[in-house]
Amino acid sequence: RLAGLPLVRIVTESQRGQPALCPVGALARVVESLQALGRAHVPGDLREIEINPVAVTAGGPVALDVLARATVDRRRPAWPPRPRHRLAALYAPKSAVILGVSEKGVNVGRIILRNLLRDGFPIEDIVVVKPGADRIDGCRCVPDLASLPSRVDLAVLAIGAGQVPATLTEIVEREAAESVIVIPGGLEEKAGTEGLVTRMREALLASRATAWGGPVVNGGNCLGIRSRPGRYDTMFIPASKLPVPDTPEVPLAFISQSGAFAISRMSRLATLNPRYVVTAGNQMDLTVGDHLEALAED
């Protein structure tokens, strides 16, 4: 079965005079191991296991990162449907607020701010939350979320992971944003952050029960989104490493859990200027499937 797959043949057969990367038997053993794991622990102990990425080496496939999730506690309430109609505000926002912008240095938040300006997002429709500052790169600053004049379409959180739960909770309670991109990692990936993650999820869950329905959240632990229709780019990769294509926009979307995978594809296809590039990260709210279904209609 494996030998009949085009991708497997690329890995297990000689290409352009180069030796095969690994024998098909090595891949078969990986699949057999996963089948044995499934028979022993699914359903029951595990509900999900993700191995991404896998490096093909001379010694066979090597998992570089693995995430496993335990079976859902049936006593917990089911996660309510996400308000996917708000994805329009995520893909093509008319207003934005950015948290985590350095006033004097160049950090992730400052790069994201400059990316928005570079891509033509109206300067008058960008607000930066920065206590003590009046303007950064020409954009109006406010001291806190309570000072926003009205609800924005998009909030970008480029703050420390420890600040995210309280900030997201405040966004929800104030109904401050239709959509949120959570850039930082270090929450679900690290032991000891369970309490922070629980707070974040509880706030979002509570918002789903309101008449408003809460925001949609992309991330965390993601590079976010580059949207040509939205005139913004939260990917904080230096232009020297990932130049912005100067070619016409093409009707193509890259949707990836991994930001590293997305930018590696974009780098290899540098002559293409996709309409959207979406990195979903930990998918604490929006999933790859949500994005796929929404963009299928674009």
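Keep in mind the model is a prediction, meaning the values are calculated, not measured.
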(message) For a 4.5 angstrom cut-off between non-hydrogen side-chain atoms, does P149 reach R140?
(response) yes
Is it possible for you to say whether V127 and I171 belong to one hydrophobic cluster, with membership spreading through side-chain heavy-atom contacts below 4.5 Å?
yes
Quick one: does S95's side chain have a donor or acceptor within less than 3.5 Å of a partner on D125's backbone? no
Under a 4.5 Å cut-off applied to non-hydrogen side-chain atoms, are R84 and V216 in contact? no
Practice problem: Could you tell me whether a side-chain N or O of D233 sits under 3.5 Å from a main-chain N or O of M235, the two making a donor and an acceptor? | Solution: yes
* Asked: Distance-only, no hydrogens or angles: does the R110 side chain make a donor-acceptor pair with backbone N or O of E103 under 3.5 Å?
  -> yes
Here the ring pair (Phe, Tyr, Trp, His ring centres under 6.0 Å) pairs for residues 242-276, sequence neighbours left out, are Y91-Y276
Interatomic distance, CD1@I136 vs CD1@I126, rounded to 0.5 Å, equals 12.0 Å
Would you say that T210 contacts V172 through its side chain, given a criterion of any heavy-atom pair below 4.5 Å between the two side chains? no
Check: G281 main-chain N/O paired with T279 side-chain donor or acceptor under 3.5 Å: no
Is the closest side-chain heavy-atom distance between N218 and V278 below 4.5 Å?
yes
> Are T247 and L272 close enough that some pair of their side-chain heavy atoms sits under 4.5 Å apart?
Replying inline: no
Close side-chain approach of Y232 and N115, heavy atoms under 4.5 Å:
no
Kindly say whether Q163 contributes a backbone atom to a donor-acceptor pair with the side chain of T167 at under 3.5 angstrom?
yes
- Item | Short side-chain to backbone donor-acceptor contact, S267 and I263, under 3.5 Å | no
Check whether any side-chain N or O of R9 sits under 3.5 Å from a backbone N or O of G4 as a donor-acceptor pair, and report yes or no.
yes
Given side chains that start at C-beta, do those of R208 and P83 come closer than 4.5 Å, heavy atoms only? yes
Just list the side-chain donor-acceptor pairs under 3.5 Å for residues 30-46, sequence neighbours left out, or say none.
unit_1: S33; atom_1: OG; unit_2: R29; atom_2: O; d: 2.9
unit_1: H41; atom_1: ND1; unit_2: D45; atom_2: OD2; d: 2.6

Any donor-acceptor pair under 3.5 Å linking the side chain of R86 with the backbone of V217?
no
- Query: Donor-acceptor pair, T234 side chain versus L223 backbone, under 3.5 Å?
  - Reply: yes
Inset, instruction - Group every Ile, Leu, Val, Met, Phe, Trp and Tyr by side-chain heavy-atom contacts under 4.5 Å, then state whether V156 and L117 land in the same group. - result: yes
Do S256 side-chain atoms and G259 backbone N/O form a donor-acceptor pair below 3.5 Å?
no
Exercise. Side-chain contact, heavy-atom cut-off 4.5 Å: D65 with E50?
Worked result: no
